[in-house]
Amino acid sequence: MKRFENLHRIQQLDPERDHCEIVHIMSGYEFPWDTTRALEIALYRTFCVPSVSALLDKTGEFREHGQKRYDDTALIVAEFMKWGYDSERGREAIRRMNRIHGHFEISNDDYLFVLSTFIFDPLRWYDRFCWRETSQNEKLAMYFFWREVGRRMNIKDIPDSYEKYQQFYYDYQRQNFHFAPTNRAVGNATLNIFLGWFPGILAPLLKPGIYAMLEEPMLTAFGFPHPPKILRGAVAAGLKARGMALRYFPDRRKGGFITDSPQRTYPKGYKFSDFGPSHMLDSLNKSGKS
């Protein structure tokens with residue numbers, strides 16, 4: 001079937017040597033919409049760690065410039081998923097990200113956890129809601145890709161296998177997810193970003209649906225209400241039905257990377273020097289060529 005041409009191509013590639021190509025196909029052609037949604041959940045997941053949310057709450061970026069903070073993160077990640085981390089644009093994106101992070105004190109363990117969400121949240125979403133489950137080649141490619149990104153971020157002690165990193169991902173959540181007021185503050189600010197994409201009259205309907213997409217430990221860590229099981233089931237069923245329908249569509253011939261379409265903060269396009277906290281842009285741009 002033509003629908004599986006990309007998968008057949010991926011199966012012929014080596015997940016360690018060819019991980020950039022595999023991630024490019026997955027994120028831009030096989031699961032573009034789902035990649036964006038999964039990374040939104042990954043973003044939310046990181047806010048369940050009080051040390052992460054405390055830093056973000058202190059900067060005030062999600063309260064005051066939430067859409068920009070969201071767009072900057074999404075576009076930087078999309079740049080090296082589309083072009084590869086060692087391409088000219090990929091290197092620029094990582095340099096910019098490192099320059100932004102260099103202004104804050106972030107523990108290596110928090111870096112390790114945030115990096116792990118970019119691997120395992122998309123994979124879990126794909127396997128649960130997409131038109132097909134991921135192959136072993138794809139799982140390993142995601143690990144190798146983000147391991148190399150992590151090395152270029154100077155993250156230390158990245159687990160040396162997919163399985164060990166997956167175990168870290170779960171263990172870290174069990175040990176570090178607990179309620180803090182800053183979790184709730186950043187979580188609510190991010191929720192308002194998402195709700196702002198729709199007419200205000202829909203907010204009472206959309207907010208419970210967003211809660212239904214978050215796992216129970218995440219809801220507890222945010223202090224958010226736990227939606228009824230019937231709503232959680234309905235949201236999951238709707239996403240699975242969408243995935244099943246897409247199974248009968250042809251392979252995408254044009255990439256679906258968000259870098260290829262106008263974003264709310266940057267309707268006319270963007271430069272790497274646009275990325276970063278609004279109050280720090282001058283110092284960021286003076287600290288090195290973007």
Side-chain angles (χ1 to χ4, degrees), residues 10 13-28 31 35 38-39 41-43 45-46 49 51-52 55-56 72-126 134-173 175-176 257-259 272-273 275-276 284 287-290:
I10 288 169
L13 298 172
D14 180 272
E16 184 167 12
R17 184 190 65 230
D18 304 317
H19 54 261
C20 283
E21 183 176 355
I22 294 173
V23 169
H24 174 88
I25 296 169
M26 292 172 69
S27 59
F31 316 117
T35 296
L39 290 176
I41 299 298
L43 186 72
R45 190 178 303 278
T46 65
V49 180
S51 56
V52 174
L55 173 62
L56 294 170
D72 287 359
T73 301
L75 288 167
I76 285 176
V77 170
E79 282 284 348
F80 46 78
M81 292 182 82
K82 178 179 180 179
W83 300 108
Y85 48 76
D86 277 341
S87 67
E88 182 178 351
R89 292 192 67 85
R91 288 195 300 269
E92 283 191 72
I94 290 178
R95 278 197 299 268
R96 188 64 176 185
M97 180 172 60
N98 287 344
R99 194 171 297 144
I100 294 167
H101 289 162
H103 284 72
F104 304 100
E105 291 186 11
I106 305 171
S107 74
N108 193 69
D109 277 356
D110 283 349
Y111 270 128
L112 280 171
F113 176 62
V114 172
L115 186 70
S116 75
T117 66
F118 288 112
I119 303 170
F120 299 109
D121 275 82
L123 288 173
R124 293 176 66 200
W125 180 287
Y126 299 155
T134 53
S135 67
Q136 186 67 6
N137 266 16
E138 290 169 314
K139 289 179 169 66
L140 292 175
M142 287 282 281
Y143 163 74
F144 288 122
F145 179 90
W146 287 106
R147 183 190 68 178
E148 293 305 313
V149 172
R151 288 174 173 174
R152 286 156 178 77
M153 295 172 64
N154 299 311
I155 300 176
K156 310 301 181 186
D157 303 319
I158 300 173
D160 62 7
S161 72
Y162 174 95
E163 292 77 15
K164 290 178 183 178
Y165 209 179
Q166 186 179 51
Q167 191 61 53
F168 171 89
Y169 168 83
Y170 288 116
D171 289 346
Y172 196 81
Q173 293 178 70
Q175 296 164 11
N176 293 279
F257 297 96
I258 64 168
T259 55
F272 287 103
S273 58
F275 298 153
L284 282 168
S287 66
K289 185 178 179 182
S290 294

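For clarity, every value in this text was computed on a predicted model and none was experimentally measured.
- The line from CG of N176 to OG1 of T46 is 12.5 Å long, rounded to the nearest 0.5 Å.
- Side-chain contact check for R152 versus D86: some heavy-atom pair is nearer than 4.5 Å.
- Annotation for W125: atom CH2 counts as buried by contact number, over 12 foreign heavy atoms lying within 6.0 Å.
- Between L13 and N137 the shortest heavy-atom distance is O-ND2, 2.9 Å.
- The two residues G276 and I100 have their closest heavy-atom pair at CA-CD1, 3.6 Å.
- Distance CG/D109 to CD/Q175: 9.0 Å, rounded to 0.5 Å.
- A heavy-atom distance below 4.5 Å is found between the side chains of I94 and N98.
- Between Y172 and Y165, the distance from one ring center to the other does not fall under 6.0 angstrom.
- Between F120 and Y162, the ring planes are perpendicular. Angles over 60° get that label, and only those under 30° would be called parallel.
- Counting heavy-atom neighbours within 6.0 Å of E88 CD, excluding the residue itself, gives a total of 12 or less.
- Smallest separation of non-hydrogen atoms from A141 and V23: O-CG2, 4.0 Å.
- In terms of the side chain to side chain contact (heavy atoms under 4.5 Å, CB included) criterion, residue partners of A93 (sequence neighbours excluded) are, by chain and number, I76, E79, F80, F272.
- Looking at heavy atoms from C-beta onward, T134 lies out of side-chain contact with M142 at the 4.5 angstrom threshold.
- Y169 and D121 share a side-chain donor-acceptor pair at under 3.5 Å.
- In this structure, the side chains of M81 and T35 come closer than 4.5 Å at one or more pairs of heavy atoms.
- Residues that satisfy the salt bridge (Lys or Arg N to Asp or Glu O under 4.0 Å) test with R17, not counting sequence neighbours, are absent from this structure.
- Without hydrogens or angle criteria, D72 side chain to F275 main chain gives no donor-acceptor distance under 3.5 Å.
- Checked against a 6.0 Å centroid threshold, the rings of H24 and F257 count as neighbours.
- The CG atom of D160 lies 6.0 Å from the OH atom of Y143; values are rounded to the nearest 0.5 Å.
- In this structure, CD1 in I158 is found 8.0 Å from CD in E148, a value given to the nearest 0.5 Å.
- Counting only heavy atoms from C-beta outward, the side chains of H103 and L284 approach each other to under 4.5 Å.
- F144 contributes atom CZ, which lies 9.0 Å from atom OG of S161 (distance to the nearest 0.5 angstrom).
- Between G84 and S87, the shortest heavy-atom distance links the atoms O-OG, 2.8 Å.
- Salt-bridge check for E92 with R89: failed, with every basic side-chain N at 4.0 Å or more from each acidic carboxylate O.
- Across all non-hydrogen atoms, the minimal contact from M26 to I10 is CG-CD1, 4.3 Å.
- The closest side-chain heavy-atom distance from E16 to L140 is not below 4.5 Å.
- The closest side-chain heavy-atom distance from Q136 to K139 is below 4.5 Å.
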Criterion side-chain contact (heavy atoms from CB on, under 4.5 Å) on H19 and W146, from CA distance to verdict = CA-CA 9 Å; H19 54 261; W146 287 106; over 6 Å; no
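- Expressed to the nearest 0.5 Å, how far CZ of R99 lies from CZ of R96 amounts to 6.0 Å.
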